[in-house]
Every structure is written in structure tokens, then in C-alpha cells.
Asks: 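Quick one: the structure is below, and I'll ask about it shortly.
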Amino acid sequence: MTDPESVVEVADLKKQFSADDDLFNRLFGWGEPKTVKAVDGVSLDIREGEALGIAGESGCGKTTLGETLLGLTEPTAGTVRFEGEDVTDRLRTDPELRTKLQIIQQDPYQSINPRFTVFNWIKEPLDVHNIGTEAEREERVLETLELAGLRPAEAFASEYPSELSGGERQRVGIARAIVLNPSFVVADEPTSMLDVSVRAGVLDLLNRLQREMGLAVMYISHDISLLKHTCDRIAIMYLGKVVEQGPATEVINDPKHPYTQALVSSTPIVDPDESRTPIEIEGEVPDPVNLDPGCRFAPRCPAAMPECREGEPRLYDVGEQRARCILYDEELMADASPEVPPEMVSDGMKTPGNRAD
Ligand SMILES: Nc1ncnc2c1ncn2[C@@H]1O[C@H](COP(=O)(O)OP(=O)(O)OP(=O)(O)O)[C@@H](O)[C@H]1O
Ligand SMILES: [Mg+2]
């Protein structure tokens with residue numbers, strides 16, 4: 001169902017890459033073609049003025065999800081809706097749509113052309129999309145520099161990227177992303193390359209823009225404590241799938257999926273009054289090319305049961321959260337007696353017997 005308030009809504013989005021590293025296979029088509037299911041059936045929506053966080057280990061598909069829903073790479077399957085309209089087929093080509101959907105890159109050193117002044121770098125999208133008169137464009141650039149906290153705007157406008165600090169460069173990246181007045185921005189690890197001392201300032205800026213411009217922002221980050229403070233909702237990904245989603249504080253304070261519990265428990269604690277027992281995730285992330293049937297987290301899950309290997313679990317409603325785990329299948333659990341380690345139960349996981357919701 002389409003939510004009228006959604007800015008962006010994706011349904012069953014999939015992106016697969018060819019992963020054939022065997023030359024003969026590639027040249028002659030021998031053997032089964034190998035594919036990486038980087039994004040494997042993701043459904044999400046983001047509303048006006050909302051911040052949605054995407055977290056998960058390296059390689060789980062966060063960047064691919066962001067790039068696919070912006071039209072920077074073509075989806076293998078699924079639909080993308082923008083303001084209620086199915087735009088899957090014109091995401092990559094419709095110039096007006098391209099102005100509405102923007103990205104803030106992770107690396108402020110690589111993402112700015114060193115030959116451009118700040119002024120020209122931020123003005124370029126206005127020129128490309130032929131927006132306003134020359135004077136209006138110039139005014140818009142200065143106004144956007146102010147908005148991005150680069151003051152006095154005239155002084156920054158004439159600088160080259162090499163003259164700027166990392167934090168200033170990232171503000172330039174943000175200014176270029178917002179100059180066309182977009183509705184939706186993907187911020188892919190926007191502060192991970194920055195000095196710790198300037199991270200909070202850049203995040204505050206993004207938060208302020210989100211509120212003042214009514215921007216919908218998708219934050220991609222490894223750092224779930226950052227997402228807790230920045231986002232309204234969070235989705236946790238594991239091997240191309242969303243395994244848990246819900247309000248940010250609930251997902252982090254009371255995670256439901258065993259993977260989220262392990263991820264949260266291994267995050268450094270900022271609050272000294274809070275204590276957590278880290279849950280070790282044993283084993284390696286499975287090879288995304290050769291996935292076993294059943295739950296993708298089962299090979300590493302401390303709460304795994306034989307049933308987990310049988311089929312891909314669906315998302316279950318658990319209070320305001322949703323978790324892709326059969327521990328929340330009431331019917332199945334009524335007949336089973338899972339051997340859940342005690343630390344998992346005390347750390348927020350509910351066995352059917354003691355489930356509070
Ligand atoms: N262009 C590509 N060709 C082939 N495989 C790709 C390509 N881009 C991504 N992948 C694979 O898709 C999967 C998801 O990658 P992606 O970069 O989206 O993960 P990520 O969650 O953003 O990781 P990180 O946290 O390290 O940035 C990985 O297995 C990756 O190797
Ligand atoms: Mg990434």
C-alpha cells in the first residue's frame with residue numbers, strides 16, 4: 001500500500017551483481033552464473049522531514065540500497081515510488097527527479113573536483129539543470145553556503161577544496177546536495193572520514209536542514225549510537241535483507257532480532273550508568289554468493305533452532321518494531337522449546353514463555 005505521506009517508498013527492491021571471477025565462466029558462460037544479492041527484497045518508506053538510519057556490517061548492502069533507490073544504479077527488481085508515484089523506470093533519466101533526490105558522499109576529499117572553486121562547484125548543478133537567471137544562481141549559491149554554515153559565504157566561495165579542512169569540505173558536499181532544494185537525501189557515512197572534533201557540527205547541520213527544509217534523510221552508518229541520536233527510525237540490514245526495523249530508541253534500547261542484539265551489545269557505551277554484556281557473534285559473515293536456505297543469520301546466531309534453517313523468515317510485528325526472526329512466530333513457538341542462551345534473554349530477547357509483548 002502506498003502511504004500518501006511517504007517521500008520515498010521502496011517495495012521488494014533487489015540489486016544483484018555478477019560475481020563471476022572465473023575467466024572461462026565469464027568468456028564461455030560455463031557453469032552456473034554467480035550473483036551477489038547485495039540488496040535482496042528491501043521494503044521501506046521515508047516520510048517528509050524524517051531521518052531513517054540504515055545500519056549493519058560492512059558488505060550488507062547499505063550503499064547499494066542507497067544508490068539503487070536514488071537511481072545511481074539500476075534495480076534488478078522491485079519498485080521505487082517518489083511522492084506516491086512509481087518512478088522506477090525513470091529514476092535514472094528524469095532530470096526533474098534527479099534534482100529531488102541527492103546524495104552526500106562519504107569521502108569529502110574524493111568527492112569534490114579540486115579544479116573547481118567552492119562557488120563553481122555548488123553552482124554547477126544549477127547550471128546543468130538550467131535553473132534561474134545567472135544572478136539568481138549566484139544568489140542561491142551564497143544563500144546555500146550560509147545555510148551550510150560556511151560563513152562569510154563570499155570568503156568561502158572563492159576558495160579551492162585544497163584550502164579547506166575536512167569538516168568544511170563536507171559542508172561544501174552538503175551545500176551541493178541541497179542547492180537544488182531536494183526532497184530526499186542519502187547521507188552515506190557522512191562523518192566517518194572526519195575528525196571526531198567536527199563530526200557533531202556536521203551532524204547538527206544535517207539535522208537542522210532536515211527540520212528546516214522538511215528533508216527526508218537516509219543516514220547510512222556503522223555507528224548505531226550515532227543513528228540513535230540522529231534518526232527517528234532505524235533499519236538493520238544483514239546480507240541484503242532488513243532484519244529489524246522500528247523507532248530508533250526502541251531498536252537500540254530493546255533490540256528484538258538476535259543480530260541487532262549482538263550489534264548493539266558490541267557498541268561502545270556512552271552512558272556510564274548503562275551496562276551491557278557483549279554478545280560475541282561467532283564465525284564469519286556467510287559468502288553472499290552461496291547462501292544456505294533459511295535465515296541468513298542462523299549460522300552465527302546463538303539462538304538458532306533447526307526450524308531456522310528451513311525457510312527464510314518473514315518480518316514479524318513485535319510491538320512497534322518488526323523483526324525477521326521465527327522467535328516471534330507465536331504459532332511455531334507454541335510447539336517449540338528453543339534453547340536460548342540466558343544472556344540473550346536478559347539482554348532483551350524474549351523467549352515465548354517470557355515475552356512481554
Ligand atoms: N559494483 C559491484 N560489483 C560487484 N559486487 C558489488 C558491487 N558493489 C557492491 N558489491 C557487493 O555487494 C555487497 C554489498 O556492498 P555494499 O557496498 O552495498 O555494502 P555496504 O553495506 O555499503 O558496506 P560498507 O559498510 O563496507 O560500506 C558486497 O558483497 C559487495 O562486495
Ligand atoms: Mg557502504
Side-chain angles (χ1 to χ4, degrees), residues 8 10 12-23 25-26 31-44 46 51-78 80 91-92 101-111 170 173 177 185-194 199 202 206 217-227 230-231 234-245 251 257 259-260 262-264 266-268 281 283-292 296-297 299-300 324:
V8 171
V10 296
D12 209 14
L13 197 69
K14 296 184 181 175
K15 177 67 189 181
Q16 302 179 354
F17 293 107
S18 160
D20 243 327
D21 44 16
D22 185 307
L23 181 66
N25 269 3
R26 286 211 310 269
E32 285 287 302
K34 294 180 189 165
T35 49
V36 177
K37 295 176 174 177
V39 173
D40 197 19
V42 169
S43 300
L44 287 171
I46 306 164
L52 174 73
I54 306 286
E57 281 165 294
S58 187
C60 70
K62 304 181 294 297
T63 296
T64 308
L65 172 64
E67 291 184 349
T68 312
L69 62 80
L70 287 181
L72 300 176
T73 172
E74 206 170 338
T76 308
V80 180
L91 258 183
R92 285 157 66 85
L101 310 171
Q102 296 290 326
I103 188 161
I104 296 162
Q105 307 276 1
Q106 174 176 17
D107 187 346
Y109 293 88
Q110 296 285 323
S111 53
Q170 195 55 308
V185 169
V186 171
D188 192 352
E189 307 267 11
T191 58
S192 64
M193 308 277 288
L194 303 181
R199 286 182 185 178
V202 170
L206 281 170
V217 182
M218 179 189 262
Y219 285 91
I220 295 176
S221 180
H222 285 91
D223 183 349
I224 43 179
S225 61
L226 177 153
L227 295 182
T230 317
C231 297
I234 293 186
I236 309 285
M237 287 184 73
Y238 187 78
L239 280 173
K241 289 239 177 245
V242 171
V243 294
E244 178 159 357
Q245 63 189 71
V251 169
H257 194 285
Y259 175 63
T260 319
L263 205 63
V264 169
S266 61
T267 301
I281 314 182
E284 295 290 308
V285 180
D287 178 359
V289 178
N290 300 307
L291 289 172
D292 290 330
R296 288 162 198 216
F297 187 55
R300 303 168 81 197
R324 195 179 288 283

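This one's a predicted model, so the numbers in the text were calculated from it and none came from an experiment. First listed ligand is number 1; within each ligand, the first listed atom is number 1.
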Asks: Kindly confirm or rule out an N or O of Gly56 lying under 3.5 angstrom from an N or O of ligand 1.
Replies: no
Asks: At under 4.0 Å between heavy atoms, is it the side chain or the backbone of Thr64 that contacts ligand 1, or both, or neither?
Replies: both
Asks: Hey, which atoms in ligand 1 end up nearer than 4.0 Å to a heavy atom of Ser58?
Replies: 23 (O), 24 (P), 25 (O), 26 (O)
Asks: To check your reading of the model: name the closest protein heavy atom to atom 27 (O) of ligand 1, its residue, and the distance in Å.
Replies: Thr63 OG1, 3.9 Å
Asks: So which of Met218, Gln105, Glu67, Gln102 actually passes side chain to side chain contact (heavy atoms under 4.5 Å, CB included) with Val186?
Replies: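 Passing option: Met218.
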Asks: Can you check atom 30 (C) of ligand 1: any protein non-hydrogen atom closer than 4.0 Å?
Replies: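 Protein heavy atoms within 4.0 Å of atom 30 (C) of ligand 1 - there are none.
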Asks: Are any of the N/O atoms on His222, whether in the backbone or the side chain, positioned under 3.5 angstrom from an N/O atom of ligand 1?
Replies: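 Yes, His222 has an N/O under 3.5 Å of an N/O on ligand 1.
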Asks: Taking both backbone and side-chain atoms of Glu189, is any N or O found less than 3.5 Å from an N or O belonging to ligand 1?
Replies: no
Asks: Which heavy atom in Ile103 sits nearest to a heavy atom in Leu70, and how many Å separate them?
Replies: CB-CD1, 3.6 Å
Asks: Do you know the tightest heavy-atom contact between Leu52 and Ala235?
Replies: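 Result for this residue pair: CD1-N, 4.4 Å.
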Asks: Hey, is Glu57 close enough to Arg300 for a salt bridge, meaning N to O under 4.0 Å?
Replies: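 Yes, charged N to carboxylate O under 4.0 Å.
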Asks: Search all heavy atoms of Ser43 against all heavy atoms of Asp12 and return the closest pair with its distance.
Replies: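 In terms of heavy atoms, the two residues are closest at OG-N, 2.9 Å.
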Asks: Identify the two heavy atoms, one from Met237 and one from Leu65, that lie closest to each other, and give their separation to 0.1 Å.
Replies: SD-CD2, 4.0 Å
Asks: For atom 4 (C) of ligand 1, what is the nearest protein heavy atom, given as residue, atom name and distance?
Replies: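 Result: Phe17 CB, 3.3 Å.
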Asks: I'd like to know whether NZ of Lys241 has more than 12 heavy-atom contacts from other residues, nucleotides or ligands below 6.0 angstrom.
Replies: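 It does: Lys241 NZ has more than 12 such atoms within range.
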Asks: Can you tell me how far the CG atom of Asp223 sits from the CZ atom of Arg199, to the nearest 0.5 Å?
Replies: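 If we round to the nearest 0.5 Å, Asp223:CG and Arg199:CZ are 7.5 Å apart.
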Asks: Quick check: Gly61 and ligand 1, any N/O pair under 3.5 Å apart?
Replies: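 Gly61 vs ligand 1: N/O contact under 3.5 Å present.
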Asks: Within the structure provided, determine whether Lys37 and Lys14 are in side-chain contact (heavy-atom separation under 4.5 Å).
Replies: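 Result no, sub-4.5 Å side-chain heavy-atom pair not found.
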Asks: Around the Mg ion (ligand 2), what protein N, O or S atoms are found below 2.8 Å?
Replies: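 Result, waters dropped: Thr63 OG1.
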Asks: I need the atoms of ligand 1 closer than 4.0 Å to a non-hydrogen atom of Val36, numbered in the order shown.
Replies: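 Those of ligand 1 that fall under 4.0 Å from Val36 are 12 (O), 29 (O).
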Asks: Tell me whether ligand 1 is touched by Gly59 - counting only heavy atoms on the residue side and a distance under 4.0 Å.
Replies: yes
Asks: Testing the basics here: between Arg324 and Val242, what is the closest heavy-atom pair and its distance to 0.1 Å?
Replies: NE-O, 2.8 Å
Asks: What protein heavy atom sits nearest atom 25 (O) of ligand 1, and how far off is it?
Replies: Lys62 NZ, 2.7 Å
Asks: Do the ring planes of His257 and Phe297 sit parallel (below 30°), tilted (30 to 60°) or perpendicular (above 60°)?
Replies: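 Because their plane-to-plane angle lies in the 30° to 60° range, the rings of His257 and Phe297 count as tilted.
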Asks: What atoms of ligand 1 come closer than 4.0 angstrom to any heavy atom of Ala38?
Replies: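 Those of ligand 1 that fall under 4.0 Å from Ala38 are 12 (O), 13 (C), 14 (C).
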Asks: At their closest point, which heavy atom of Val42 faces which heavy atom of Val10, and how far apart are they?
Replies: O-CG2, 3.7 Å
